[in-house]
Amino acid sequence: MNAPLPTPFFARPAAEVAADLIGCTLTVGEAGGLIVETEAYDGTDPASHSVKGPTRRNASMFGPPAHAYVYRSYGMHWCLNLVCEPASAVLIRAIEPAFGIEAMEHRRGLSTRHLLCAGPGRLTQALGITGADDGRPLAEAGFAVMTAAGPVDVVADRRIGISQAVERPWRFLAAGSRFVSRPPTRDALPWRVPR
DNA sequence: AACCCGATTTACT
DNA sequence: GTAAATCGGGTTA
């Protein structure tokens, strides 16, 4: 059935991995769900933390693939990325909650279902991800991404919250999902359509 | 200063 | 229901 994604899956350009992750299942401890929104960042990318080379914060982006890069955003949220090729990673922006929902609701405080994991900060709060998870390898017990159950209709759009390289269509969404942080814009591109 | 954001309020279709 | 405005708040380089 759903096998864990192997390390070579991640050892590719982040934009490819980001698109292919849509529809896969993220598991953190007892909770998880279907990945419905991602963004790619790489070493040639002015919007990426890695563009100026390694620093203490972004060290994980230069480490092995299939590991977590977790950083603090705006002083109060954590953001979860999965490392791909050197200096690149995929930001996990939203999942459709599938299991461990009570645990996630408890960590988030009462929040409506479609907002439980809709956004990078909400998602890490729901899953209990913090800076302590930076550098953590996938496939460690209770931390995994599983293959998609079936083909998923994916669209590509502009990334959110950046001021550099805004035109790169490196945000990927499950078409029609109600669990994304923001719906696609008018100029979102069809990316991969199941046949 | 700038930042890969979220919760809340206020205002509109 | 979307859209804009506002504030909160740590860390980076």
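Labels below follow one simple rule: chain letters A, B, ... track the order of the sequence lines, proteins then strands, and each chain is numbered from 1.
Judged by centroid separation below 5.5 Å and plane tilt below 30°, A/Tyr71 does not stack onto the base of B/dC4.
Atom CZ of A/Arg182 and atom P of B/dC5 are 9 Å apart (whole Å). Atom pair A/Glu39:CD and B/dC5:C1' shows a separation of 12 Å (rounding to whole Å applied). Counting to the nearest Å, the C1' atom of B/dT8 and the CG atom of A/Leu115 are 13 Å from each other. Rounded to an integer number of Å, the gap from NE2 of A/His77 to P of B/dC4 is 12 Å. Per the geometry, CG belonging to A/Asn58 stands 14 Å off C1' belonging to B/dC3, to the nearest Å. Taking atom CG of A/Leu116 as the reference point, atom P of B/dA7 lies 10 Å away to the nearest angstrom. B/dT8 atom C1' lies 11 Å from atom CZ of A/Arg122, rounded to whole Å. Distance A/Glu37 CD to B/dC4 P: 15 Å, rounded to the nearest Å.
When both distances must be under 3.5 Å, the Watson-Crick or G-U wobble mate of C/dT2 is B/dA11. Summarising the base pairing, B/dC5 is matched to C/dG8 through a Watson-Crick or G-U wobble pair whose two defining distances lie under 3.5 Å.
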So A/Ser50 and A/Asn58, side chain to side chain donor-acceptor pair (under 3.5 Å) or not? Walk me through it. CA-CA 6 Å; A/Ser50 62; A/Asn58 68 20; over 6 Å; no
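Using a 4.0 Å heavy-atom criterion, one finds that A/Arg108 contacts the sugar-phosphate atoms exclusively. As judged by a 4.0 angstrom heavy-atom cut-off over every strand, A/Ser48 is placed among the base-contacting residues. At a threshold of 4.0 angstrom between heavy atoms, the contacts of A/Arg57 are confined to the sugar-phosphate backbone, with no base atom among them.
For the pair A/Arg72 and B/dC5, the criterion of a side-chain N or O lying under 4.0 Å from OP1 or OP2 is not met. Here A/Thr55 reaches the OP1 or OP2 of C/dA13: one of its side-chain N or O atoms lies under 4.0 Å away. Using a 4.0 Å cut-off, no side-chain N or O of A/His49 falls inside it from OP1 or OP2 of C/dT12. Checking the phosphate oxygens (OP1, OP2) of B/dC3, a side-chain nitrogen or oxygen of A/Ser163 falls inside 4.0 Å. For B/dC5, the OP1/OP2 oxygens have a side-chain nitrogen or oxygen of A/Arg93 closer than 4.0 Å.
For the atom pair CD1 (A/Ile129) and CG (A/Leu80), the distance works out to 5.0 Å, reported to the nearest 0.5 Å.
Proximity of A/Arg171 to A/Ser181: side-chain heavy atoms (C-beta onward) are separated by under 4.5 Å at one or more points.
There is no side-chain donor-acceptor pair under 3.5 Å between A/Ser177 and A/Glu96.
Not a single donor-acceptor pair, N or O on each side, falls under 3.5 Å between the base of B/dC4 and the side chain of A/Tyr74.
Taking the centre and axis of the six-membered ring of A/Phe172, the NZ or CZ atom of A/Arg192 falls outside the cone set by 45° and 6.0 Å.
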